[in-house]
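Please read the structure below before turning to the comments.
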Amino acid sequence: MFAAYAARIDRDQPLNGLELGDRPEPQVPPGWTTVDVRAASLNHHDLWSLRGVGLGEESLPMILGCDAAGVDADGNEVVLHSVIGQSGHGVGPREPRTLLTEKYQGTFAERVAVPQWNVLPKPAELSFEEAACLPTAWLTAYRMLFTNAGVRPGDTVLVQGAGGGVATAAIVLGAAAGLRVFATSRDEAKRRRALELGAEGAFESGARLPQRVDAVIETVGAATWSHSVKSLKPGGTLVISGATSGPNPQATELNRIFFLELKVVGSTMGSKEELASLLSFCAAKGVRPVIDSTLPLDRAREGFEKMAGGDLFGKIVLTV
């Protein structure tokens, strides 16, 4: 079957390790099933995999891709939950949870095998392309907002780095849930787009906000960390799920964190139950993932190049 896969690890030039071509059909252990992929979306996780983060040389070649929507063996339209081994389903009792592509072959292929437990019904209201955007970036944003930040309608949230997959999802989900959303970006066009998606205000990175916020959604890391901490109300919550600009900020703002009793909460992906809630929320409220571009699988390299260059707003989707 045709697939996009990591053939080599290159920490400095990750796309040098990306290959497109034939790979074996997926193996299907007991308790697993195959899904014919209709659409799959790119994540920064795929670029990090090509750099060898979470993926070792001993696991190569590895088909990339965490997210997918498709059709199962019984003809049902489904969405995949990307975390393998959650609650022990489909793997040995001592195996730690992993994302697809860290140990098991991914979704950038004609077919993928996953534990039966990881398959959820796709709402009829969502297209395959839309549904394929949800299991990583949008699920991460959903958990950050509604589980780890604990915000309620009327609360104010700052989303750093408008344009990225998680940040875009947080803007759309937050606005749909009745939050007051501020967003930042260095790019004027991305700030305008954030306003169109429901942000109440969009500002230059590091700019002073009209007021302090109840929570910050942080995926940028070092470049925005100080601004994130300074933007919080006393007792506010900073939820972090990534550090695309680096993990080591020069100023940690420890005095401000303890004096104002701020909370710093790490957040990774989300549960199957949260994904089911996200799917229902999108179907019921007419919320749709923001898609930057859609490409056929045999043009996957173009999508990787665009994501690596940062020239996107929303998700890049590959169709099979």
Side-chain angles (χ1 to χ4, degrees), residues 39-47 66-67 69 82 126-127 129-146 148-149 151 156-205 213 215-221 223-224 228 239-245 267-270 274-275 278-279 281-282 285-295 303-304 306-318:
S41 68
L42 274 74
N43 294 285
H44 276 93
H45 176 77
D46 300 306
L47 272 178
C66 297
D67 296 347
S82 308
L126 297 175
S127 69
E129 291 83 358
E130 291 165 343
C133 296
L134 298 178
T136 296
W138 280 66
L139 178 58
T140 297
Y142 185 92
R143 181 175 179 84
M144 292 176 80
L145 283 168
F146 306 121
N148 288 327
V151 288
T156 307
V157 175
L158 168 63
V159 178
Q160 296 281 22
V166 175
T168 302
I171 293 169
V172 176
L173 291 171
L179 302 175
R180 300 180 62 197
V181 180
F182 297 146
T184 65
S185 176
R186 294 172 297 177
D187 185 276
E188 183 181 356
K190 292 181 178 180
R191 294 196 297 272
R192 289 198 304 268
R193 188 77 175 103
L195 293 173
E196 293 169 1
L197 292 175
E200 182 174 314
F203 307 92
E204 285 266 11
S205 297
V213 298
V216 176
I217 302 302
E218 173 65 83
T219 60
V220 179
T224 55
S228 292
V239 185
I240 181 167
S241 71
T244 55
S245 67
S267 189
T268 300
M269 290 288 289
E274 286 167 325
L275 178 56
L278 170 60
L279 289 165
F281 182 74
C282 289
K285 295 300 182 182
V287 173
R288 297 295 180 265
V290 180
I291 296 176
D292 176 273
S293 51
T294 302
L295 297 166
F304 272 84
K306 187 169 189 178
M307 186 170 63
D311 181 26
L312 77 167
F313 197 106
K315 299 290 288 179
I316 297 173
V317 178
L318 303 176

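Residue numbers run from 1 in the order of the sequence given.
- Residues S82 and C66 share a closest heavy-atom pair of OG-O, 2.8 Å.
- Residues satisfying the side chain to side chain donor-acceptor pair (under 3.5 Å) criterion with K285, sequence neighbours excluded, are absent altogether.
- Note that the CD1 atom of I316 and the CD1 atom of I291 stand 11.0 Å from one another [nearest 0.5 Å].
- The ring pair (Phe, Tyr, Trp, His ring centres under 6.0 Å) contacts involving residues 175-197 comprise F182-F203, where partners must be two or more places apart or lie in separate chains.
- Here the closest heavy-atom approach between residue Q160 and residue T219 is recorded as O-OG1, 4.1 Å.
- For the side chain to side chain contact (heavy atoms under 4.5 Å, CB included) with V157, the qualifying choice from V213, L145, V216, I171 is L145, the only one to do so.
- The ring-ring contact (aromatic ring centres under 6.0 Å, His included) search around F313 returns none, not counting sequence neighbours.
- At least one donor-acceptor pair under 3.5 Å links the side chain of R288 to the backbone N or O of C282.
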Could you pull out all donor-acceptor pairs under 3.5 Å where a side-chain atom in residues 172-179 meets a protein atom, sequence neighbours excluded?
none

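- In this model, a donor atom of one side chain and an acceptor atom of the other lie less than 3.5 Å apart for S228 and E218.
- In this structure R143 satisfies the side chain to side chain donor-acceptor pair (under 3.5 Å) test together with E274, sequence neighbours excluded.
- Going from atom CD of E196 over to atom CZ of R193 covers 5.5 Å, rounded to the nearest 0.5 Å.
- Using a 4.5 Å heavy-atom threshold, the side chains of L318 and L295 count as touching.
- For the pair K306/L42, no side-chain contact is recorded, criterion being any heavy-atom separation below 4.5 Å from C-beta on.
- At least one donor-acceptor pair under 3.5 Å links the side chain of S245 to the backbone N or O of V220.
- Not one N or O on the side chain of R186 forms a donor-acceptor pair closer than 3.5 Å with the backbone of S205.
- When atom types are taken as modelled, the side chain of S241 and the backbone of T268 share no donor-acceptor pair closer than 3.5 angstrom.
- Each of D292, T168, N43 was evaluated against K315; a single residue qualifies, N43, per the side-chain hydrogen bond (donor to acceptor under 3.5 Å, both in side chains) test.
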Only pairs under 3.5 Å count here: list side-chain donor-acceptor contacts from residues 131-141, not counting sequence neighbours, and write none if there are none.
from : atom 1 : to   : atom 2 : distance (Å)
T136 : OG1    : D67  : OD1    : 2.5
T136 : OG1    : D67  : OD2    : 3.4
T140 : OG1    : T136 : O      : 2.7

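- Interatomic distance, NZ of K190 versus CG of L197, reported as 13.0 Å (0.5 Å rounding).
- Salt-bridge formation is detected for the pair R192/E188: a Lys NZ or Arg NE/NH1/NH2 atom is positioned less than 4.0 Å from an Asp or Glu carboxylate oxygen.
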